[in-house]
Amino acid sequence: MKPGDVPYMKTLSECLNSLVKQGYSENFCVKDDKLVGDNDANYSAENVRITNFYRFEGSSDPADNAILYAIQTDDGKCGVLVDAYGSEADAGVSAFIKEVSEINKKENT
């Protein structure tokens, strides 16, 4: 299993627990167009790689949809970033993830 790989799981909490066991212990958030870690370290999109992501859909309420990103930073930090999915998504998180994805596409071509 590669880093960030998680066996099939039904819930966000099961997936989070599995990632933490694999060393993804930082709880990231996005503030002012930067990824921010537990100790207020912050990272630009160029310093971040998304190793995997997981979508969770609420069975009865679209507001329960979530997406979990497994993230590595260029200084070796591994952690998770959770956002709502779909119309409830945080615009700042979505913009940051899009920027990271575009950078990773350019690096892999």
Asker: Who are the side chain to side chain donor-acceptor pair (under 3.5 Å) partners of S13, not counting sequence neighbours?
Answerer: T11
Asker: Taking side chain to side chain contact (heavy atoms under 4.5 Å, CB included) as the test, write out the residues that go with V30, two or more places apart.
Answerer: L35, L81, V93, F96
Asker: If you round to the nearest 0.5 Å, how far is NZ of K98 from CD1 of I103?
Answerer: 12.5 Å
Asker: Can F53 be reached from Y85 by stepping across I, L, V, M, F, W or Y side chains whose heavy atoms are under 4.5 Å apart?
Answerer: yes
Asker: Between CG of D83 and OG of S94, what distance do you get to the nearest 0.5 Å?
Answerer: 5.5 Å
Asker: Evaluate the side-chain proximity of Q22 to S18: yes if any heavy-atom separation is below 4.5 Å, no if none is.
Answerer: yes
Asker: Are L12 and V20 linked, directly or through other ILVMFWY residues, by side chains that come within less than 4.5 angstrom of each other?
Answerer: no
Asker: Do I71 and V80 have side chains that approach each other closer than 4.5 Å (heavy atoms only, starting at C-beta)?
Answerer: no
Asker: Working to the nearest 0.5 Å, report the span between CZ of F56 and CG of N65.
Answerer: 11.5 Å
Asker: Could you name each residue pair satisfying side-chain hydrogen bond (donor to acceptor under 3.5 Å, both in side chains) that touches residues 33-49, not counting sequence neighbours?
Answerer: K34-S44, Y43-D75, N47-D74, R49-Q72
Asker: Report yes or no: do Y69 and T51 form a side-chain donor-acceptor pair below 3.5 Å?
Answerer: no
